[in-house]
K.L.:
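My structure is below; once you've seen it, I'll send some questions.
Note that the structure is predicted; figures quoted are calculated from it, not measured. Start at 1 and go down the list; that is how both ligands and their atoms are numbered.
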Amino acid sequence: MALARMKRTPGKLALLYLDLDNFKHINDAFGHTAGDNLLIEVAGRLASLLRPGDTMARLGGDEFLILLNEVEHIDDVGLVAVRLIDSLKKPFFCGEIEYFVTSSIGITVAPEDGRDAVSLVKYADNAMYRAISLGRNNYQFFTPELDIQAHQRISLEMKMRKGLERDEFELFYQPLVNITDGEIVGAEALVRWRHEGELISPDAFIPLAEDSGLILSLGEWIMRTAARQAKKWQEAGLDLGISVNISSRQFAGQDLVALLRKAMTAEGLEPGRLYFEITESMIMGDLTKAQRIMGALRREGVKFYLDDFGTGYSSLSYIKRLHIDGLKIDRSFVKDIVDDLDTRAIVSVIVSLARILNLSIVAEGVETDAQLHILSGMGDMLIQGYLISPPVPVQQFQTLLVERQGDRAHPE
Ligand code: C2E
Ligand code: CA
């Protein structure tokens, strides 16, 4: 109706797609009744800011769609968005407890962006997606580039889904080596996507897999494949740990214990071989929850490496509380360790503290003999990096195993 009216009267119309940023947490923390009450109050606050001719609807979950009629200037829409966002900044109450929500808004304007309802809703949704990816708690206008990006995203996502069905994913393994005697003691599993003759690296598809939720099925496949490999090595009499990277979406949203049990039962793997690599940002958000998840996994025999250590908060106190088994020193430190004395000092302190806390250390991204030499001076640790080997397909990894064992048998 608004579009039909727009043809006859001057002015534009604007569609605002609003998403509450942390609604799920509130539902989880305070229960669904509190969630329902929150939605009612949010709706009330938003509606109080609209004019009589405007329309607002809750589309479902925590998403609202707002239609503004007879808009004169596009700038006015931005002002409305600011007011809507601000109105939600004041605290909400559940009994005595005060809590806060923020919102992200995507805006599309007709007739500039389009003239049919289906496209406009989609455009507003694209713009909201953009607002969320820019850190939430803001608004964004739709631009045609967003539509192109959205198309590319969807098409890549579909290709990944198909790729998973067609077995296009593969795990590469990179050795973890004992710095003192060069023995391979473990492997990090790193996923690759063989698509149309190309080998695609995880940085190009893991973020999208996270956004789309595909990481859940991909993660299941990764865990299953890693468990199968660990079992094979175990049967061959090789004492190797396998570490698997866990993404934040998996950590927060997937029943990792169930998944792990399924993989271990299916593959017949005994516990104690698997390491999960997690990052600080995953646990900082909700320490209690992280403690619960990790406790349950630990009881299944999983060990934990803190990945990319040094790039985040580097808080040793919660490392102890969470019973982490080891730290992986980020390769940005290793890169500078030769030329930058401050970096060298930092790494040396991390290594000493880790030793006191009884944590193992893995230095990542070791590429040169000079780096190796300096790290050797810091004592016992594991190293990983191109100097030893890049991540390689499993057959090549096994060749490495044979060569290395050969080397150790004949050190000269
Ligand atoms: P990450 O966990 O930090 O993985 C280590 C990355 O460093 C790997 O890149 C590896 O190839 C690279 N690397 C190893 N040694 C060296 C070195 O000496 N020099 C340099 N410059 N780089 C080195 P890759 O395989 O491209 O993986 C990138 C990231 O993708 C990983 O970072 C990890 O966060 C993510 N990822 C990879 N596989 C998986 C997976 O199976 N699941 C999940 N959730 N994430 C994964
Ligand atoms: Ca890793």
K.L.:
Indicate yes or no: does an N/O atom of V191 lie under 3.5 Å from an N/O atom of ligand 1?
P.N.:
yes
K.L.:
Does a sphere of radius 6.0 Å around NZ in K335 hold more than 12 heavy atoms from other residues, nucleotides or ligands, not counting ones at 6.0 Å or beyond?
P.N.:
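No, because the 6.0 Å sphere around NZ of K335 holds 12 heavy atoms or fewer from other groups.
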K.L.:
Could you tell me which non-hydrogen atom of A2 sits nearest to which non-hydrogen atom of N69, and how far apart they are?
P.N.:
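For A2 and N69, the tightest heavy-atom pair comes out as CB-OD1, 3.5 Å.
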K.L.:
If only atom types and distance count, is the side chain of K289 paired as donor or acceptor with the main-chain N or O of A252 below 3.5 Å?
P.N.:
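Present.
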K.L.:
So between Q371, R192, E367, whose heavy atom ends up nearest atom 19 (N) of ligand 1?
P.N.:
E367
K.L.:
Applying the salt bridge (Lys or Arg N to Asp or Glu O under 4.0 Å) criterion to K262, which one of E220, E300, E267 satisfies it?
P.N.:
E220
K.L.:
Determine whether any heavy atom of K335 lies closer than 4.0 Å to an atom of ligand 1.
P.N.:
no
K.L.:
Does R130 use its side chain to pair, donor to acceptor, with the backbone of S133 at less than 3.5 Å?
P.N.:
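Such a contact is absent between R130 side chain and S133 backbone.
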K.L.:
Consider ligand 1: state whether an atom of it lies below 4.0 angstrom from any non-hydrogen atom of P391.
P.N.:
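Yes; P391 lies near enough to ligand 1 that a heavy-atom distance drops under 4.0 Å.
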K.L.:
Quick one: does any side-chain atom of R45 pair with a main-chain N or O of K90 as donor and acceptor, under 3.5 Å?
P.N.:
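Between the backbone of K90 and the side chain of R45 there is a qualifying donor-acceptor contact (under 3.5 Å).
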K.L.:
Using a distance threshold of 3.0 Å, state whether an N, O or S atom of Y305 lies below it from the Ca ion (ligand 2).
P.N.:
no
K.L.:
For a side chain to side chain donor-acceptor pair (under 3.5 Å) check, start with the C-alpha distance between T279 and D308, then their side-chain angles and the critical distance, and finish with the verdict.
P.N.:
CA-CA 7 Å; T279 59; D308 309 332; 5.8 Å; no
K.L.:
When the ring planes of Y99 and F92 are compared, do they come out parallel, tilted or perpendicular, using 30° and 60° as the limits?
P.N.:
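Rings of Y99 and F92: parallel, under 30°.
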K.L.:
Which residue holds the protein heavy atom closest to atom 41 (O) of ligand 1, what is that atom called, and what is the gap in Å?
P.N.:
I222 CD1, 3.2 Å
K.L.:
What do you think, any protein heavy atom under 4.0 angstrom from atom 9 (O) of ligand 1?
P.N.:
no
K.L.:
Let me know which of E364, R331, K328 forms a side-chain hydrogen bond (donor to acceptor under 3.5 Å, both in side chains) with Q384.
P.N.:
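Testing each of E364, R331, K328 against Q384, the sole residue satisfying side-chain hydrogen bond (donor to acceptor under 3.5 Å, both in side chains) is K328.
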K.L.:
Given D308, L218, N245, which has its nearest heavy atom closest to atom 43 (C) of ligand 1?
P.N.:
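Heavy atom nearest to atom 43 (C) of ligand 1 belongs to N245.
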K.L.:
What protein heavy atom lies closest to atom 32 (O) of ligand 1? Include the residue and the distance to one decimal.
P.N.:
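I find the closest protein heavy atom is L190 CD2, 5.0 Å.
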K.L.:
Atoms of ligand 1 less than 4.0 Å from V366 heavy atoms?
P.N.:
18 (O)
K.L.:
Please test F276 against M223 for side chain to side chain contact (heavy atoms under 4.5 Å, CB included), starting from the C-alpha separation and ending with a verdict.
P.N.:
CA-CA 10 Å; F276 281 2; M223 194 158 345; 3.6 Å; yes
K.L.:
Counting only heavy atoms, tell me which of K328, Q384, M223, Q174 gets closest to atom 15 (N) of ligand 1.
P.N.:
Q174
K.L.:
Find, among atoms of D307 that are N, O or S, the one nearest to the Ca ion (ligand 2), and state its name.
P.N.:
OD2
K.L.:
Find all atoms of ligand 1 within a distance of less than 4.0 Å from any non-hydrogen atom belonging to E188, and give their numbers and elements.
P.N.:
2 (O), 4 (O)
K.L.:
Report the name of the N/O/S atom of E188 located nearest to the Ca ion (ligand 2).
P.N.:
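Closest N, O or S atom of E188 to the Ca ion (ligand 2): OE2.
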K.L.:
Provide, to 0.1 Å, the distance between atom 5 (C) of ligand 1 and the closest protein heavy atom, together with that atom's residue and name.
P.N.:
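The answer is R331 NH1, 3.9 Å.
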K.L.:
Look only at the side chain of T399 and the backbone of Q395, and say whether a donor-acceptor pair between them is shorter than 3.5 Å.
P.N.:
yes
K.L.:
Below 4.0 angstrom, counting only protein heavy atoms, does anything approach atom 34 (O) of ligand 1?
P.N.:
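Neighbour list for atom 34 (O) of ligand 1 is empty of protein heavy atoms (cut-off 4.0 Å).
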K.L.:
Which residue owns the protein heavy atom closest to atom 18 (O) of ligand 1, what's the atom, and how far is it?
P.N.:
Y386 N, 2.8 Å
K.L.:
Which atoms of ligand 1 sit under 4.0 Å from any heavy atom of D203?
P.N.:
28 (C), 29 (C), 30 (O)
K.L.:
How far is atom 27 (O) of ligand 1 from its nearest protein heavy atom, and which residue and atom name does that atom have?
P.N.:
P202 CG, 3.3 Å
K.L.:
If the cut-off is 4.0 Å to any non-hydrogen atom of D307, which atoms of ligand 1 fall inside it?
P.N.:
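Matching atoms, with element in brackets: 2 (O).
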K.L.:
Just checking: E364, one of its N/O/S atoms, less than 3.0 Å away from the Ca ion (ligand 2), yes or no?
P.N.:
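Checking E364: none of its N, O or S atoms is under 3.0 Å.
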K.L.:
Would you find a donor on one side and an acceptor on the other, under 3.5 Å apart, between the side chain of D86 and the backbone of L84?
P.N.:
no
K.L.:
As a test of reading the structure, name the N/O/S atom of E277 that is nearest the Ca ion (ligand 2).
P.N.:
OE1
K.L.:
Would you say D116 has more than 12 foreign heavy atoms packed within less than 6.0 Å of its CG?
P.N.:
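Yes, the 6.0 Å shell around CG holds more than 12 heavy atoms from other groups.
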